4 protein chains.
Amino acid sequence: MSRGNTHQRIQDVALELFAERGYEKTSLREIAERLEVTKAALYYHFKTKEDILVSIVDDFNQPVVELIEWGREQPRTLETKKEILRRYSEALSRAQPLFRFIQENQASLRDLSLGERLKKRMFTLSALLVEEDADLVDRVRATTSLFTMHAAIVAMHDSGDAPEDRRQAALTVAYELITSAHHGD
Amino acid sequence: MSRGNTHQRIQDVALELFAERGYEKTSLREIAERLEVTKAALYYHFKTKEDILVSIVDDFNQPVVELIEWGREQPRTLETKKEILRRYSEALSRAQPLFRFIQENQASLRDLSLGERLKKRMFTLSALLVEEDADLVDRVRATTSLFTMHAAIVAMHDSGDAPEDRRQAALTVAYELITSAHHGD
Amino acid sequence: MSRGNTHQRIQDVALELFAERGYEKTSLREIAERLEVTKAALYYHFKTKEDILVSIVDDFNQPVVELIEWGREQPRTLETKKEILRRYSEALSRAQPLFRFIQENQASLRDLSLGERLKKRMFTLSALLVEEDADLVDRVRATTSLFTMHAAIVAMHDSGDAPEDRRQAALTVAYELITSAHHGD
Amino acid sequence: MSRGNTHQRIQDVALELFAERGYEKTSLREIAERLEVTKAALYYHFKTKEDILVSIVDDFNQPVVELIEWGREQPRTLETKKEILRRYSEALSRAQPLFRFIQENQASLRDLSLGERLKKRMFTLSALLVEEDADLVDRVRATTSLFTMHAAIVAMHDSGDAPEDRRQAALTVAYELITSAHHGD
DNA sequence: AATGAATGAGTATTCATTCAT
DNA sequence: CATGAATGAATACTCATTCAT
């Protein structure tokens with residue numbers, strides 16, 4: 001009815017299934033069946049299975065790339081760092097299924113080149129959270145501040161706490177970590 | 001020259017490959033080839049592909065189970081908690097390839113029942129790091145203290161820092177986190 | 001040249017081979033080779049090997065089901081019974097390769113659920129050939145009247161007699177048996 | 001403890017399983033497991049899987065061969081024929097599992113050469129039940145008289161009637177059939 | 001914009017059999 | 001009399017992908 005519609009639906013269903021069952025174990029047959037089209041139809045819209053995944057990741061990637069660019073232009077104050085964490089936690093919340101997928105399918109992502117790209121991005125982001133000459137402990141603090149959010153938002157998924165509460169709690173802990181790092185503790 | 005030898009060699013090579021290429025993407029053919037035996041030989045020693053993995057995980061699992069048991073019998077002092085983290089970091093260091101594998105293949109582990117077992121274990125362990133009635137922020141701190149070590153030991157794998165340095169730095173950060181949690185923030 | 005054609009050809013060749021070499025010993029490779037398609041092509045048309053068999057049996061099954069339904073609506077006279085035998089002998093003649101297959105592969109059919117279905121059908125049919133309160137000898141006569149036809153049409157396959165002659169002879173003997181049973185001997 | 005013991009136990013268990021699950025679908029592993037020995041042990045006692053089957057069939061074969069020899073020396077009176085049927089029904093009763101196996105696994109037996117041997121034996125036996133120049137109908141009667149017993153003793157296995165009753169009923173019907181055949185109807 | 005039919009390469013798994021000990 | 005270790009060949013089945021229509 002509206003063009004580009006199927007394209008979008010494929011991405012949605014694919015992500016759903018990739019997150020549910022893993023990338024390798026999700027077959028194009030399953031995606032096609034859930035969409036009630038044929039496998040061949042998928043190939044009209046995407047060149048390969050990998051292509052479907054890449055297109056999904058690329059779409060959700062945008063906000064984080066922008067966040068990194070924004071962060072680069074700011075003075076490296078504690079306020080800036082907090083703002084980065086806050087924005088990252090929001091991106092994480094919004095794109096939860098994708099991040100869950102990424103976290104659980106690192107092995108698959110590895111040789112799809114996507115893996116490296118994502119890792120580098122995380123590394124770049126965490127670099128914005130400490131001084132350039134920071135010692136190892138501070139760098140661990142910075143990395144951990146990002147991991148906290150993954151832990152709280154994605155991994156504590158079925159702890160019984162409300163998503164927004166988990167996000168706030170994660171932010172609190174993340175703030176503490178980069179505050180310590182900021183002083184050089 | 002061979003005495004219960006092959007069994008062990010299969011586990012070693014399998015873990016090597018599972019960690020290298022992921023569980024799904026590692027085929028029994030590859031394992032057999034690297035061992036220079038036939039696929040059928042694998043089946044003499046293990047009932048299924050899953051069985052190979054389970055046997056590996058079970059072996060490395062032992063120390064963590066013991067740690068949990070030990071932790072349960074101790075008074076829940078700050079000292080105890082630090083000792084738990086210290087011991088966990090050691091287990092993590094020793095069994096690095098396995099933990100890297102676990103972290104990167106969660107999707108595969110999920111429906112191998114192993115997934116749930118491992119998640120529960122992590123949950124149990126983190127519960128030993130806070131008071132029973134701790135609030136969400138403290139629980140996030142506890143969970144994060146474990147994640148810190150995964151981040152530093154496993155994920156920062158190619159940051160250029162020495163493994164033992166990363167382990168110590170992770171411990172430092174983890175101590176801070178559970179110390180905050182211990183006060184009740 | 002091909003229009004729903006392959007589906008049919010698979011059934012034909014499969015039955016041919018199943019009858020020739022037995023169900024278990026016929027591999028999908030052989031079926032595919034004789035058809036000059038790939039194994040995967042078979043899976044485009046049928047979900048499993050069992051499915052191929054079931055589809056064949058179901059097709060030939062129809063006439064017998066109809067015969068049973070017809071028989072149920074008739075008065076249980078000697079004439080009706082003879083008519084049942086006559087029609088059954090015709091079905092048997094037409095679908096000889098299938099019945100030969102069924103007779104020779106009971107062990108395989110057993111756990112394909114088909115076994116039970118077929119046995120029940122035979123039982124139902126033989127029940128239409130005697131009074132409801134018939135004694136054991138009469139029930140044996142009824143069952144035997146069906147078996148006669150299997151014996152003469154299928155098993156005496158290479159006795160040197162013409163098929164149609166064997167069918168007529170079998171009918172003669174079958175008539176005698178149910179005539180005895182009808183009197184209550 | 002007594003020599004030849006294992007040999008015997010293998011035959012027993014093998015027949016049990018062959019009858020239960022079919023020849024093809026019974027693996028040497030299963031036989032070995034049920035016996036609580038290793039597969040290799042089976043090879044100490046029998047050269048091949050087929051060999052196990054052949055040895056079983058040969059053992060049970062003896063009585064029927066003797067019956068045929070006995071029949072050949074008798075005058076072909078109605079009394080003789082009845083005696084043949086009676087003795088055959090007894091053999092059938094005693095060796096039920098074997099005959100059930102034979103009936104359900106004809107496809108497997110076929111290319112084990114056993115098939116032909118057994119068919120020939122049945123043919124020879126039925127030939128003893130009619131005059132040499134008998135017409136087709138009489139030959140069908142003779143064949144059917146043997147089939148009756150298979151039907152009643154083996155196939156009506158779960159009709160709810162006692163085995164011995166079924167045997168007697170089958171004999172009754174079989175007598176009728178060869179009596180008709182004897183007159184030349 | 002999509003389908004029907006097919007393929008080639010692969011997968012995990014099973015089996016009968018062998019042989020040194 | 002038997003086992004432990006292994007093999008070679010097979011099997012049913014799945015998958016991403018292609019292409020003519």
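Keep in mind it's a predicted model, so treat the numbers as computed, not measured. Letters go in sequence order (proteins before strands), and every chain restarts at 1. No hydrogens, no waters, no symmetry mates; every other heavy atom, side chains included, goes into these values.
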Short side-chain N/O contact from Thr48(D) to OP1 or OP2 of dA16(E), under 4.0 Å: no

Short side-chain N/O contact to dA2(E) OP1/OP2 from His45(A), under 4.0 Å: yes

Distance in angstrom units between Glu50(B) CD and dT11(E) C1', rounded: 16 Å

Side-chain heavy atoms of Leu15(A) within contact of Phe60(A), under 4.5 Å: yes

N/O (side chain, Tyr44(C)) to phosphate O (OP1/OP2, dA6(E)) under 4.0 Å: no

Nearest-angstrom distance from the residue atom CD1 of Ile52(D) to C1' of dC15(E): 13 Å

Nucleotide opposite dA12(E) in a Watson-Crick or G-U pair, distances under 3.5 Å: dT11(F)

Most 5' of Lys25(B) and Ala41(C) on DNA chain E, judged by nearest nucleotide: Ala41(C)

Euclidean distance, atom NZ of residue Lys39(D) to atom C1' of dT14(E) [Å, nearest integer]: 9 Å

Rounded interatomic separation in angstrom, taking CD from Gln8(A) and C1' from dA1(E): 17 Å

Side chain to side chain, Tyr44(D) and Thr38(D), heavy atoms closer than 4.5 Å: no

Glu24(D) versus Ser108(C), side-chain donor and acceptor atoms under 3.5 Å: no

Nucleotide nearest Tyr43(A) when distance is taken to its side chain, options dA12(F), dA16(F), dA6(E): dA16(F)

Arg29(C) side chain near dT11(F) phosphate (N/O to OP1/OP2, under 4.0 Å): yes

Strand partner of dG4(E), provided both Watson-Crick or wobble distances fall under 3.5 Å: dC19(F)

Distance below 4.0 Å between Thr6(C) side-chain N/O and dA5(E) OP1 or OP2: no

Arg117(A) bridged to Asp58(A) by N-O distance under 4.0 Å: yes

Among dT7(F), dT13(E), dT17(E), the nucleotide that comes nearest once only the side chain of Thr38(B) is considered: dT7(F)

Upstream residue (5' side of DNA chain F) when Leu28(C) and Val37(B) are each assigned their closest nucleotide: Val37(B)

Salt-bridge present (Arg29(C), Glu33(C); N to O < 4.0 Å): yes

Between dA12(E) (P) and Lys47(B) (NZ): distance, integer Å: 18 Å

Shortest side-chain distance from Ala40(C), nucleotide among dT7(E), dT18(E), dT17(F): dT7(E)

Nucleotide dT17(E), atom P - distance to CG of Leu42(D) in whole Å: 11 Å

Leu53(B) and Phe101(B), any side-chain heavy atoms less than 4.5 Å apart: yes

Atom-to-atom span, CZ of Arg9(B) to P of dA5(F) - whole angstrom: 13 Å

Interatomic distance where CZ belongs to Phe46(D) and C1' belongs to dT18(E) [whole Å]: 18 Å

Nearest-nucleotide comparison on DNA chain F, the residue closer to the 5′ end among Thr26(A) and Ser27(C): Ser27(C)

